[in-house]
Amino acid sequence: YRYLTERERGREREGETRVGAMNGLSLGQNTIPMKDHDAIKLFIGQIPRNLEEKDLKPLFEEFGKIYELTVLKDRFTGMHKGCAFLTYCARESALKAQSALHEQKTLPGMNRPIQVKPADSEGRGEDRKLFVGMLGKQQSEDDVRRLFESFGQIEECTILRGPDGASKGCAFVKFSSHAEAQAAINTLHGGQTMPGASSSLVVKFADTDKERTLRRMHQMAGQLGIFSPMTIQFGAYGAYTHAQMMQQQAALMAATQGSYLNPMAAIAAAQMQHMAAFNVNGLVAAPMTPSSGTSTPPGISAAAVPSIATPLGVNGFSALPPQSNGQPASEPIYTNGIHPYPGKEEPTPLQLAYFNRLLSKHSFPQQPAIIPQQQREGPEGCNLFIYHLPQEFGDAELMQMFLPFGNVISAKVFVDRATNQSKCFGFVSFDNPSSAQAAIQAMNGFQIGMKRLKVQLKRPKDANRPY
DNA sequence: TGTTATT
């Protein structure tokens, strides 16, 4: 059975394939076969490939009336897979067959004894298996066994490893009973933190097939940059999974929509207080419509809004110095990505422009539905590190804040896992360096309440910390 | 200064 592919095992659980089922054949033609409510579906392994249902039937009928006997065959080639599923009408028959046959005799031409045991689809099979996360990378199978052995009989213990053999910091542990597994969860989950791990031990039941499929889909969607559920519906996945995706997305969208307004309003309010002290060319609080990125508020000449009117602007912003339009610059603009905080309390023209956009409730272009992304780094020069974020900012708010500068391929606020509180820093990645530079120009030093945003290029992985 | 990983 261990040679079955994962697809076949999944098919077994879904009950999709029934080849040569004997349902209704073994009994009188007018009789609907009945089985016990708690009947056990058995997996039969190590069957010679020349034996079909009719050949196997006599062997197993010895232990009771057969409800269904199905030889597993390749879905496409129809080839005999050397194994079968067997359900007796009576639960007792299955138990008898198992104890009499399992590993007890070897069928002709086979070099291993026949396997007779409850199929994985019979519940109880997989609810004894635990996923263990947040292990130390150097912990061995034996280390993990020692950790779990006091809770019961361990049937299997596997550390997940990459191609190079390095531990992924997680493992599967299979107990002989559900109760043992549950006891291990109760005691170990969230307990000690292993050396080198970033959080306390995770002990939970392993994913079911459906959960695994969903997770893989999400990963794939993230990697391919698929944003809409419609993109997926013609893919290689089943309808039920698609329906689940839709539900999840709807929930996510609702959550995102509901949460992003308040923090943004908070920023706008903070900025408004701050800005009330200034009046630059009458621009303060003058709304700008996004659909016409170069428009000016009533009564304001276009020349008074240089940074907005620049043709090279991205979504109304420009990485070019505002003085290029003949307007006095309130401060120098730096293009090396390391922009000192503005030395005075006055916002830069770019910040002003941004503020104006913030104040307009239509300021942000409508984005397509977005699946939360895997944290993706963009190319060199496209990734920003942002510090001093407002406490209430999440990924969605961070993304909203940087969308005006270009295509945000990832926005991630770091969260303390223990408290679920933002660590007030995060990452934003664009798909091109110009957008990243425009964001730095506009947002570095951007004042929110008593803090100023720090917006820099993300430090490369190999960079030495000078301090 | 990209955190948690599902044979």
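Since we're looking at a predicted model, the values are computed, not measured. Below, chains carry the letters A, B, ... as their sequence lines are ordered, and counting in each starts from 1.
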Between [atom2] on [N] and [atom1] on [X], what's the gap in Å once rounded to a whole number?
| X | N | atom1 | atom2 | answer |
| --- | --- | --- | --- | --- |
| Asp207(A) | dA5(B) | CG | P | 12 Å |
| Met399(A) | dG2(B) | CE | P | 18 Å |
| Phe430(A) | dG2(B) | CZ | P | 18 Å |
| Glu141(A) | dT7(B) | CD | P | 15 Å |
| Leu135(A) | dT6(B) | CG | P | 13 Å |
| Leu130(A) | dT7(B) | CG | P | 15 Å |
| Arg128(A) | dT6(B) | CZ | P | 22 Å |
| Phe414(A) | dT4(B) | CZ | P | 9 Å |

Once rounded to the nearest 0.5 Å, what's the spacing between atom OG of Ser200(A) and atom NE2 of His189(A)?
6.5 Å
Rounded distance [0.5 Å steps], CD in Gln138(A) versus CE in Met194(A)
10.0 Å
Quick one: does Glu149(A)'s side chain have a donor or acceptor within less than 3.5 Å of a partner on Phe151(A)'s backbone?
no
Donor-acceptor pair, side chain of His178(A) and main chain of Asp127(A), under 3.5 angstrom:
yes
Show the atom names and distances, to 0.1 Å, of all donor-acceptor pairs under 3.5 Å that link a side chain in residues 421-430 of chain A to residues at least two apart or in another chain.
from	atom 1	to	atom 2	distance (Å)
Gln421(A)	OE1	Gln391(A)	NE2	3.2
Ser422(A)	OG	Cys424(A)	N	2.7
Ser429(A)	OG	Arg376(A)	O	3.2
Ser429(A)	OG	Asn383(A)	OD1	2.5

Please pick, from [options], the nucleotide with the shortest atom-to-atom distance to any side-chain atom of [X].
| X | options | value |
| --- | --- | --- |
| Gln456(A) | dG2(B), dT1(B), dA5(B) | dT1(B) |
| Arg216(A) | dT6(B), dA5(B), dT7(B) | dT7(B) |
| Phe425(A) | dG2(B), dA5(B), dT1(B) | dT1(B) |
| Ala206(A) | dT4(B), dT7(B), dT6(B) | dT6(B) |

Going by heavy atoms closer than 4.0 Å, what residues in residues 152-169 of chain A are next to DNA chain B?
Glu156(A), Thr158(A), Leu160(A), Lys168(A), Gly169(A)
Where along residues 185-201 of chain A does a heavy atom fall under 4.0 Å from DNA chain B?
Ser198(A), Ser199(A)
Set of side-chain hydrogen bond (donor to acceptor under 3.5 Å, both in side chains) partners for Gln104(A), sequence neighbours left out
none
May I ask you to verify whether the side chain of Lys129(A) and the base of dT7(B) hold a donor-acceptor pair under 3.5 Å?
yes
Looking at residues at least two apart in the chain, or sitting in another chain, which of them share a salt bridge (Lys or Arg N to Asp or Glu O under 4.0 Å) with Asp431(A)?
none
Can you list the residues that meet the salt bridge (Lys or Arg N to Asp or Glu O under 4.0 Å) rule with Arg49(A), with sequence neighbours excluded?
none
Heavy atoms only, 4.0 Å cut-off, all strands: where does Val132(A) land among base, sugar-phosphate and nothing?
nothing
What does Lys137(A) touch in the nucleic acid at a heavy-atom separation under 4.0 angstrom: a base, only the sugar-phosphate, or nothing?
nothing
Find out whether Phe85(A) and Phe43(A) are in side-chain contact, i.e. whether some heavy atom of one side chain is under 4.5 Å from a heavy atom of the other.
yes
Do the side chains of Lys168(A) and Arg161(A) get nearer than 4.5 Å, heavy atoms only?
no
Phe172(A) on top of dT7(B)'s base, within under 5.5 Å and under 30°?
yes
DNA chain B: 5'-proximal contact among Cys170(A) and Phe427(A) (nearest heavy atom):
Phe427(A)
So does Arg212(A) get a side-chain nitrogen or oxygen closer than 4.0 Å to the phosphate oxygens (OP1/OP2) of dT6(B)?
no
